[in-house]
Each structure stands twice: as C-alpha cells, then as structure tokens.
Amino acid sequence: MPTYTVYKGSESGKIVKGETTRELKGDAVLVKVTASGLCGTDEHYKKQDMALGHEGAGVVEDVGPGVTYLKKGDRVGWGYEHNSCGNCEYCLTGREQYCPDREMYGMHNLDQGSFASHGVWREAFLFRIPDEITDAEAAPLMCGGATVFNALTSANVKPTDRVAIMGVGGLGHLAIQFASKMGCDVVVLSGTDSKKDEALKLGARDFIAMKGKDSIDVGRKIDVLVITTSVMPEWKVVIPALAPTASILPLTVSEGDFTFPQNPLILGGHTVHGIAVSARAVQRQMLAFAALHNIKPIIMKFPLNENGIEEAMGTLRDGKMRYRGVLIPQ
C-alpha cells in the first residue's frame, strides 16, 4: 500500500505536513503529483484538519487490478469530485455532480488532496491531459477552467451571444478566453482600467470600468452575465444593460445570500443559473476545447511545500495573484 506526503490545514490555519496510506484496489490509480492549482475554495478549508487542494495534475505511477485504460506514465488530472454512485438518475444522465452520494473535496477523502506528493483516485474520475497542455497549465483547468466552461455550456451560450465577464481574475481570465473562442461577443466589466489591455489580448472586444459609475453603456445588450468577482454587482447599474431573457451565472463560492430585485427578474424574463462543479463528460470536453484553441491560464508558480503553500495562499488572499497559483514539487 503506497504511503505519501500530504499538506493539511489546521485549527490555527498553519499548513501542516503529514502522511496518508491508501490501498490500490479496484480501479484505484496512484498518481505522482507534478502540479497543483490553488483555488479560492482551498482558503475556506485552511483551518480544517484535512488535506488541501483539488486541482491536481500528475503522472500515473501504479494502477489497481480493476484499471482498464490508464497505464503507467499517462499524464492525468483530477478536480473537485472524486466519486459518485453511478446508478442514480443524475449519474445515468451525465450529471453525477448532483448525485446524492457524490464524494467531493472538503466533504470526503479528507486524508488526501492535490497539495501532496501523490494521490490515489478512481480511474473513472481521472482525466487524460492533452499533449498541447503542460501539467502546470492543466492544473488550474481542473477546477477553474472546468467551472467557467461548464457554466457557459450549461447556459447554452451561443456564438451570437453578447457575453459579459465580470472580473478579470482566476476565473474571469479563463472565462474571457473560453467565451471568445466559442465565438461570443465578449465585454469585460471590471472595477478600473488596470486590466484592460490584458483582457483585450485574452479575447474581449470591449472593456468597461465600473467603479464609481451610476450607469454603464455596453452598446449591444448583454445576453449572458458571468460573475467571477467575490462580491455581487450593483444591480441597479447592471440590470439596464441586460437584454431580455438574459442568463446570469454567479460562479463565486460564498456563504452569503444571493439577492436580485424581483420585478426586473420577472419583467425581464431573466434566468439565474446555479451551477455546481463540472460533470466528467464536460471536463473532458473542456480539456479538448482548451487544447484545440490554445486556451491556457496565466500562472504564478510556487514550491509545493509548507512555505510555498503559505506564500501562494497569502498572495491570493492579498489580491496579488496573476491569475492562478500553481504549486510545483521541488
């Protein structure tokens, strides 16, 4: 049974080095971690006694007796979901992220994560990484990339849609790329002009700085609003810019309430989409789409050890990450 290093949260919030042992049975696969993305959700669990990280990329080192298609040396990644029942209505219709018996980061398999030397995961929840994408680039796609791609596809975004991305950060800079490569007319809504040039290079056609404004002129109205910021927009400013029957996709994980004025929601025919993590089929599609269209995260690298994790999480907390942190074993 393989024993390997994991990096855990603690009651004090300090990163703690530990070990875990897993048996290679059934379709279990031992993956040597070569890169781990850092997600804002990891910060939520920093004070929990659990292994951190859920944006893993690595190389298959060994396989259990029930493994059928992965082999030693394959490059694979994994994300937020680790397992599901496989038999319920949601699993059988490719929506296993809503399975009542799903196993997710932060709730199950607390002894291991992607902040580690290795991980043991079910073959069915591992994804081959395309040759066009490096491990360091692939890691943030396992959650961040999958989240925005899943949101856009779940909302049935069309190439003719005017798509607004609110925020140019870890999720936003990926959403701009995915939406623009889908053929959408992308406008970015941000606080100031500081990220305008970068947003336009990533594929946005328009950029609007919103700070201090009571109204905005977006030109053509917005069909899809993707919210990647940590706070909700000033709806009185944004609602007049929405097209009738617009879709609203709030992606930031928050413990607070989602509020929206009721009359504009009804009279505008708008739809608010609650979207969980990506299903496996969508995850595969996302990786194929990213490889085909050269979509890659902008990353900052840190050592995959206690000090590196602390530095990376501090950089994210201080709002200085450009735009996804990636932990690399030394």
S.K.: Quick one: closest heavy-atom pair of Leu225 and Met166, and the distance?
M.R.: CD1-CB, 4.4 Å
S.K.: Is there a donor-acceptor pair closer than 3.5 Å between any side-chain N or O of Arg162 and the backbone N or O of Arg220?
M.R.: yes
S.K.: If we ignore hydrogens and angles and just use 3.5 Å, is the side chain of Asp161 paired with the main-chain N or O of Lys158 as donor and acceptor?
M.R.: yes
S.K.: For Lys8, which of Asp111, Asp49, Asp42 qualifies under salt bridge (charged side-chain N to carboxylate O under 4.0 Å, His left out)?
M.R.: Asp49
S.K.: Identify the residue among Glu311, Glu43, Glu310 that makes a salt bridge (charged side-chain N to carboxylate O under 4.0 Å, His left out) with Arg317.
M.R.: Glu43
S.K.: Determine, for Asp206 against Lys196, whether the closest basic-nitrogen to carboxylate-oxygen distance falls under 4.0 angstrom.
M.R.: no
S.K.: Under a 3.5 Å distance rule, please check whether Lys47 uses its side chain to pair with a backbone N or O of Gly13 as donor and acceptor.
M.R.: no
S.K.: Should the pair Tyr105 and Tyr45 be assigned to parallel (<30°), tilted (30 to 60°) or perpendicular (>60°) ring geometry?
M.R.: perpendicular
S.K.: If we ignore hydrogens and angles and just use 3.5 Å, is the side chain of Asp74 paired with the main-chain N or O of Lys71 as donor and acceptor?
M.R.: yes
S.K.: Does Ser215 use its side chain to pair, donor to acceptor, with the backbone of Val237 at less than 3.5 Å?
M.R.: no
S.K.: Start with the C-alpha distance between Asn83 and Glu96, add both sets of side-chain angles, then the distance that settles side-chain contact (heavy atoms from CB on, under 4.5 Å), and finish with yes or no.
M.R.: CA-CA 9 Å; Asn83 201 2; Glu96 67 275 358; over 6 Å; no
S.K.: Using a 3.5 Å distance criterion without hydrogens, assess whether the side chain of Gln112 forms a donor-acceptor pair with backbone atoms of Val120.
M.R.: yes
S.K.: Hey, does the side chain of Thr252 reach the backbone of Thr228 with a donor-acceptor pair shorter than 3.5 angstrom?
M.R.: yes
S.K.: Given 3.5 Å as the limit, does a donor-acceptor pair link the side chain of Arg102 with the main chain of Gln97, or not?
M.R.: yes
S.K.: Kindly indicate whether a cation-pi arrangement holds for Arg280 with Phe127, taking the cut-offs as under 6.0 Å to the six-membered ring centre and within 45° of the axis.
M.R.: no
S.K.: Hydrogens and angles aside, do Thr34 and Asp135 bring a side-chain donor and acceptor to less than 3.5 Å of each other?
M.R.: yes
S.K.: Indicate the ring-plane relationship of Trp121 and His82, choosing parallel, tilted or perpendicular according to the 30° and 60° boundaries.
M.R.: tilted
S.K.: Fit a plane to each ring of Phe149 and Phe289, take the angle between them on a 0 to 90° scale, and name the class: parallel (under 30°), tilted (30 to 60°) or perpendicular (over 60°).
M.R.: tilted
S.K.: When you look at Leu304 and Ile309, which way does the side-chain contact (heavy atoms from CB on, under 4.5 Å) test go after all the steps?
M.R.: CA-CA 6 Å; Leu304 182 48; Ile309 295 169; 4.2 Å; yes
S.K.: For a quick test of reading the model, state the closest non-hydrogen atom pair linking Ala136 to Lys301 and the distance between them.
M.R.: CB-CE, 4.1 Å
S.K.: If only atom types and distance count, is the side chain of His173 paired as donor or acceptor with the main-chain N or O of Val168 below 3.5 Å?
M.R.: no
